[in-house]
Amino acid sequence: MDRYFDKLDDRWQTLPIRKQHQYTLYFFVGYLLLTAGVIFKVWYDTAKSGNDMHIEHIENPVLKKKESPATLQDTITTILKNRIYER
């Protein structure tokens with residue numbers, strides 16, 4: 001890996017300074033356009049009128065389930081059986 005980066009660095013050093021400057025400028029302009037696009041997208045998404053935040057109470061998911069108490073009691077035997085068969 002170091003050899004690859006050394007070769008890449010040697011190739012960069014052999015380029016004329018004007019070409020290095022040009023490539024650096026192209027990468028900077030690309031980065032600037034990408035950053036501007038992301039900022040615009042975030043601004044556009046937050047400016048929509050349909051983006052309202054609804055704050056509600058957190059509900060316990062266990063209470064939402066419609067399971068009978070018999071199946072809940074069977075979980076202990078299921079856990080014990082699973083432990084026995086894991087060996």
Item to check | Separation between CG of Asp10 and CG of Leu15, rounded to the nearest 0.5 Å | outcome: 11.5 Å
Checklist entry - Rounded to the nearest 0.5 Å, what separation is found between the CG atom of Asp2 and the CG atom of Asp9? => result 11.5 Å
Next on the checklist: According to salt bridge (charged side-chain N to carboxylate O under 4.0 Å, His left out), who are the partners of Lys41, at least two apart in sequence or on a separate chain?
Outcome noted: Asp45
Checklist entry - How are the rings of Phe27 and Tyr23 set relative to one another: parallel (under 30°), tilted (30 to 60°) or perpendicular (over 60°)? => result tilted
Checklist entry - Who passes side chain to side chain donor-acceptor pair (under 3.5 Å) against Gln20, sequence neighbours left out? => result none
Checklist entry - Between atom CZ of Phe28 and atom CG of Leu33, what is the distance when rounded to the nearest 0.5 Å? => result 10.0 Å
Next on the checklist: For Thr14, give me all partners under side chain to side chain contact (heavy atoms under 4.5 Å, CB included), at least two apart in sequence or on another chain.
Outcome noted: none
Item to check | Nearest-0.5 Å distance, CG of residue Leu8 to CD of residue Gln13 | outcome: 10.5 Å
Checklist entry - From Arg11 CZ over to Lys7 NZ, what is the distance, rounded to the nearest 0.5 angstrom? => result 9.5 Å
